[in-house]
Trainee: 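One structure coming up, written as structure tokens, with questions to follow.
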Amino acid sequence: MKEYVAQRVLAMLPVLLIVAVFTFSLVHIVPGDPAIILAGDSGTPEAVANIRERMGLDKPIYQQFYVWLTNALQGDLGISPASRVPVADQIMRRLEPTLSIGVFALLLSILMAVPLGVLAAWKQNTWVDRLSMVFAVLAFSIPVFWLEYNMIYLFAVNLEWFPALGYKPISEGIGQWLRHITLPAIAVGIISAALPARVTRSTMLEILKEDYVRTARAKGLIERAVLLRHALKNAMVPILTMFGLSLAAMIGGLVISEQVFAIPGMGRLIVDAVATRDYPLIQGTLLLIAVSYVVINLLIDLTYLYFDPRIRY
Amino acid sequence: MAQDVRTRPAGRALLHRRTRLERYQDRAREAWRVLRKNPTMLLGLAIVIVMVLVALLAGVLATHDPRHLVPLDRLASPSLSVEEGSKGTAHLFGSDELGRDVFSRTLFGSRSSLQVGILVALGTILLGTTFGLISGYQRALDFVVMRIADGLMAIPSFLLAIALMTLLGPSLRNVVIALVISSVPGTTRFVRSIVLSLREREFVLAARAIGSGPIRLLVYHIFPNTIPPVLVLGSFITAGAILSEAGLSFLGAGLPPDVPSWGNMMGQGRTFNSIAPWMLFFPGLFLSLTVLGANLLGDGLRDTLDPRLRRLQ
């Protein structure tokens, strides 16, 4: 088991290295002097010289990469040219809204996808099954911002149940915080529930045909125990894998949603960085998100040990 | 000659060599039989055909010039009749903040969305299949190709596309390039997995036993068997690319703002959502329908071509 964990962690390292190389090369693909690009449109000659020295831009490219990477590993992601604020500080300030909505949306998508998928497989070829799959294919086909603007029009503008825009930090009261993150979390949750719901259904369909499920039923277990303890637990590996993969889509959804609801999170930070061509900020946010994505998927891999004890190395 | 004997029952059919026309008729009848058994696939196909027709005939169907500004008709609500005080014909889907007809713009918007969707699918399939075939068959290259794919896949594809658009600048060509780059790694991995399972199959071993070289094996024996699953993937890539283009344009990092694309229209309509929701609603509806059509078609193709592909979501 220890070897399995070690093996997975080691397998992650080359991936992270390639992500780092890609993020680093972003600035060097653009034609022009990287020091001037990193200093931004408003960069003074001193700022350019400062960056050139700090990043060793006169040195060979592999040395520059080494400097950039060791700085990044120590939490120094550079400084934004326009605002002169360290990238790491800007990211820290934007984490709370994004994490709030992200975690809430993930919970909602699990609560939608797993029961729907299980129900659809259990009642295969009935209207329950068809309706769930219509939901899944629809959720998979509509743009998240379109869903959100329709929700805003209905629930915020007309019914006035929720605020149309903005964010209140959790320190200003849980009620206000919840009211502000509910609409975006529901929308992102719906969009990210589509694929896991389909995978849950197809995996459950396969497992419900297994001999051990028939045995469980034959020995007189109540249906709920058959479905949840015998079937669903064995279906968890592909389902969790799908949730891990759909995190990528969820992150894309969050970036757009923060724009729709004017929420000052990581997504807004990225879009603003793109608009102002703030390369250190783009590099920093991309690197952080990619690393978290890889680490979360590693953690999901490790849960397989619990759901499928046959995985032993 | 041998082909004719293969499946035909003895008797008259053996004597009668089928003409080319008859063989096409057979194929059409077979296709219709499959479609009739699968109503959702038929629906998907119908939606896709209608959207292609809309794109081709936008000039004929449109009631207004999509770029024509009528300041008097600003933010007119959707109606079937001409409102008092306004000029020209009715605005079926209303008009935007510059008095342009939303219905006509929506029809013309199908052109950029379909172009992006189809070009991205073609480009991704071309590159993904090439890399996948090479990677699946050449162990030495496999390691390199797969590590690069892992690295690129660690960055959520929508973010990768945003980052690439920053470098490339807004244009249709660049949107296609950015979306192809962000979807090639997944396709490569998918084709590679098919190649890995095919290369151990008896017919490939047999071909190798009679002395076929690697190129011949790949081109004549393995490649044709990757076509059906890749075709299925193609319709999902088209659907995803149309959604991503809309997301990029919505954020202002996609097509140039003067192009009447669905994403641009929604991006411009968001400011007016509370007073003129039709500006955002109708392009989004058409977009969702198109994506839904492509997804339903993909689902149907998957079930028809190979039921074992159920996992391909």
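All of these numbers come straight from a predicted model, not from anything done at the bench. A note on names: the letters A, B, ... follow the listed sequences, proteins ahead of strands, and every chain is numbered from 1.
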Trainee: Which heavy atom in A/Val19 sits nearest to a heavy atom in B/Gly151, and how many Å separate them?
Mentor: CG2-O, 3.4 Å

Trainee: Nearest 0.5 Å, what's the CZ-CD1 distance between B/Arg270 and A/Ile152?
Mentor: 9.5 Å

Trainee: Drop me the distance from B/Leu296's CG to A/Ser141's OG, to the nearest 0.5 angstrom.
Mentor: 6.5 Å

Trainee: Under a 4.5 Å heavy-atom cut-off, does chain B meet the side chain of A/Phe22, its backbone, both or neither?
Mentor: side chain

Trainee: Is there a side-chain contact between A/Trp146 and B/Leu280 (heavy atoms, below 4.5 Å)?
Mentor: yes

Trainee: Check A/Ala290 against B/Ile155 and note the closest heavy-atom contact, atom names and distance.
Mentor: CB-CG1, 3.9 Å

Trainee: Set out, in order, the CA-CA distance, both residues' side-chain angles and the distance that settles side chain to side chain contact (heavy atoms under 4.5 Å, CB included) for A/Met12 and B/Asp150, then state yes or no.
Mentor: CA-CA 9 Å; A/Met12 192 178 78; B/Asp150 283 344; over 6 Å; no

Trainee: Which heavy atom in B/Thr166 sits nearest to a heavy atom in A/Tyr279, and how many Å separate them?
Mentor: O-OH, 4.2 Å

Trainee: Side chain, backbone, both or neither: which part of A/Leu286 has a heavy atom under 4.5 Å from chain B?
Mentor: side chain

Trainee: Looking at A/Val294, A/Val291, A/Ile256, A/Thr285, which one has more heavy-atom pairs under 4.5 Å with chain B than the rest?
Mentor: A/Ile256

Trainee: For atom CZ of B/Phe131, is the number of surrounding heavy atoms from other residues, nucleotides or ligands below 6.0 Å larger than 12?
Mentor: no

Trainee: For chain A, which residues from residues 249-264 of chain B have at least one heavy atom closer than 4.5 Å to it?
Mentor: B/Phe250, B/Leu251

Trainee: Could you look at A/Val137 and say if it's the side chain, the backbone, both or neither that has a heavy atom under 4.5 Å from chain B?
Mentor: both

Trainee: I'd like to verify something: which residue of B/Thr40, B/Leu164, B/Ile162, B/Leu285 has the highest number of heavy-atom pairs under 4.5 Å with chain A?
Mentor: B/Leu285

Trainee: Looking at chain B, which one of A/Tyr153, A/Tyr293, A/Phe145 has the largest number of heavy-atom pairs inside 4.5 Å, strictly under?
Mentor: A/Phe145

Trainee: Under 4.5 Å heavy-atom distance to chain B, tell me which part of A/Pro143 shows up: side chain, backbone, both or neither.
Mentor: both

Trainee: Which one, B/Leu160, B/Ile148, B/Leu159, leads in non-hydrogen pairs under 4.5 Å with chain A?
Mentor: B/Leu159

Trainee: B/Ala154 versus chain A, heavy atoms under 4.5 Å apart: side chain, backbone, both or neither?
Mentor: both

Trainee: Could you look at B/Leu243 and say if it's the side chain, the backbone, both or neither that has a heavy atom under 4.5 Å from chain A?
Mentor: side chain

Trainee: To the nearest 0.5 angstrom, please state how far the CD1 atom of A/Ile251 sits from the CZ atom of B/Phe158.
Mentor: 12.5 Å

Trainee: Given a strict heavy-atom distance threshold of 4.5 Å, which part of A/Val271 is in contact with chain B: side chain, backbone, both, or neither?
Mentor: side chain

